[in-house]
Amino acid sequence: MNVPSGKGKAAAGGLAMALTAALREYRGLWFGWSGEICETFTGQIAMHKVQGVTTALVDLEEGDFQEYYNGYANKTLWPLFHYRIDLTAYARSFGEGYERVNRRFGETVAPLIEADDLVWVHDYHLIPLGRELRKRGVTSPIGFFLHIPWPARQLITTLPRHRELVESLFAYDLIGFQTEEWLDAFAGYVRKEAGGEALGDGRFRCFGRTVRAAAFPIGLDAPEFSAMAESAEARRTFERMRRSVSGRKLIVGVDRLDYSKGMEERLLGYETFLNHHPEHRGRVTLLQIAPPSREDVHAYQEIRGRMEALSGRINGAYADVDWVPVRYVSRAYKREELAGIFRAAQIGYVTPLRDGMNLVAKEYVAAQDADDPGVLILSRFAGAALQLKDAVIVNPFSQEGLAEALQAAIEMPLEERKRRWESMMQSVMREDVAHWRDDFVAALMRARDEARSKAAE
Ligand code: GDG
């Protein structure tokens, strides 16, 4: 269960990609918000089939949309969990909207769940849903996966009702995080703030309950994505890109327009690179694709304005009659086109300031040509950096560091590019979305069996 973005639409976003790929394999139902607004909440479910997956969607009221989705989810939890308390809104009405919608979802979906069903709740919009289902008598195994980081204890305690939020997680049988780092942060809260204990076997005891928690790094449908990079549409896009850069090195960034993705810092690093390396002016092109996202939220309108100003400033300072250093494109492309663009780019420039995982980094790797692979520059603050150790790892807050990484990537010899790419590609193929899904589901089944045998004792 999570919040899909709209009836029948193919959504841009990592979670949507991963869930569609995961659910195609299982007989299952994807429950969530339709993305539509209704006059009064009725809990009426509309069934749809999207890319081979059955979705059960409900509409929300305008007040829910403002307080729950735009409010608590995207103005409170998203910035807070991405370490941006400066952007976090703490309005009480948002918290109330969050509780109300999770209660409504619980009431709507509980009657659909049968005893042997396995329930998998996704992401920060739905943390209290497990508790709501338990209140309504659901005894099935229920797992929760958090796609975004878990914040440090010092940050989450700025949330007025942090304790209730964390306590609600203890209604699940299993909690999944993207990496050990986020799991450690969660463990820190449980032990130091809530007075709980880590039992040492992956279980945590707190609030009079025990829950299992572990890291399950999400992956791509990797074979599908690499095949996509060879598709006719990807090839056409590849050719189009290569023609249009006329022999220059192409550096690419693709992100939902979001302040957590470090796009401004990325441009500043590139500006420093052009400044320090006049010999590369006219020889490189940075393509930043940034489809708008969460446009009703002020912080997202602001970043859009800042990105336009920054790309304009760099182009104003360095462009020539036959060259613009930055191509800033604020629209979405088809996945096949993205695969072709990734393959055409000699450098994948992925520099989030904080990111649960980051699938773009893995897509860039999966799209490369084995005989002439590009170089991935990757922020140390993306969950993916713990797996893709052969990327050029950077601190996105350092403009000089970014400029040096660009220089190193541009000059990297073929042998080294191949060596690094092969090791990253192995990890992308091995730890793919099927591996993630099967690992999580197996751990949830074990947790259920454990609970059953305890109950029988
Ligand atoms: C969250 C977490 C975690 C982007 N532009 C277009 C487009 N995209 C696709 C990318 C990629 C996805 O969106 C973005 O995924 P990310 O993982 O990079 O980031 P979030 O959306 O923030 O996802 C993240 C993820 O959940 C999964 O757990 O990795 O850390 O923040 O697939 O290619 N897709 C299309 N056109 C675009 O223009 N079709």
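Read the numbers this way: they start at 1 and go in the same order the structure lists the ligands and their atoms.
- Near Arg256, with a cut-off below 4.0 Å to any heavy atom, the atoms of ligand 1 are 20 (P), 21 (O), 22 (O).
- Heavy-atom proximity to atom 36 (N) of ligand 1, evaluated over Tyr333, Tyr364, Phe225, is greatest for Tyr333.
- For the residue pair Glu422 / Gln426, no side-chain donor-acceptor distance below 3.5 Å is found, with atom types taken as modelled.
- For Ala214, the side-chain contact (heavy atoms from CB on, under 4.5 Å) test picks out Phe216, with sequence neighbours left out.
- Not a single heavy atom of Phe342 sits under 4.0 Å from any atom of ligand 1.
- Ring centers of Phe381 and Tyr83: at least 6.0 Å apart, outside the cut-off.
- Atoms of ligand 1 found under 4.0 Å from any heavy atom of Trp78, numbered from 1 in the order shown, are 22 (O), 31 (O).
- With 3.5 Å as the limit, one finds a donor-acceptor pair spanning the side chains of Asp258 and Trp78.
- Aromatic rings from Tyr124 and Phe81 are positioned such that their centres are separated by 6.0 Å or more.
- A donor-acceptor pair shorter than 3.5 Å cannot be found between the side chains of Asp372 and Gln346.
- Listed by number with element, the atoms of ligand 1 under 4.0 Å from a non-hydrogen atom of Val254 are 4 (C), 5 (N).
- Screening Phe94, Trp33, Tyr72 for a ring pair (Phe, Tyr, Trp, His ring centres under 6.0 Å) involving Phe65 leaves a single residue, Trp33.
- Here ring pair (Phe, Tyr, Trp, His ring centres under 6.0 Å) pairs that include residues 334-354, with residues two or more places apart or in two chains, number zero.
- Applying the 4.0 Å criterion to heavy atoms of Asp355 picks out, from ligand 1, the atoms 2 (C), 24 (C), 30 (O), 31 (O).
- For the pair Lys362 and Asp432, the salt-bridge criterion is not met [side-chain N within less than 4.0 Å of a carboxylate O].
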Should Phe145 and His122 be marked as a side-chain contact (heavy atoms from CB on, under 4.5 Å) after you check the CA-CA gap, both sets of side-chain angles, and the distance that decides it?
CA-CA 5 Å; Phe145 186 78; His122 287 266; 4.2 Å; yes

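- At under 3.5 Å, not a single nitrogen or oxygen of Asp255, backbone or side chain, sits near a nitrogen or oxygen of ligand 1.
- For ligand 1 and Leu359, the ligand atoms under 4.0 Å from any heavy atom of the residue are 16 (P), 17 (O), 18 (O), 27 (C), 29 (O).
- Counting heavy atoms under 4.0 Å from ligand 1, residue Ala332 touches it through both backbone and side chain.
- For a threshold of 3.5 Å applied to N or O pairs, the pair formed by Met357 and ligand 1 contains at least one separation below that value.
- The residue from Ile148, Leu338, Leu220, Val329 that puts a heavy atom closest to atom 34 (N) of ligand 1 is Leu338.
- Every atom of ligand 1 with a heavy atom of Gly356 under 4.0 Å away is listed here by number and element: 30 (O).
- Residue His82 has no nitrogen or oxygen atom sitting less than 3.5 Å from a nitrogen or oxygen atom of ligand 1, judged on distance alone.
- Remark: the Arg248 side chain and the Thr285 side chain contain no N/O donor-acceptor pair separated by less than 3.5 Å.
- Residue contacts with ligand 1: Glu337 is excluded, as none of its non-hydrogen atoms falls under 4.0 Å.
- Among the atoms of Ile289, none of the N or O lies under 3.5 angstrom from an N or O of ligand 1.
- Considering backbone and side-chain atoms alike, Ile218 places every N or O at 3.5 Å or more from each N or O of ligand 1.
- For ligand 1 and Arg335, the ligand atoms under 4.0 Å from any heavy atom of the residue are 32 (O), 33 (O), 39 (N).
- Between Gln178 and ligand 1, at least one N/O pair is under 3.5 Å apart.
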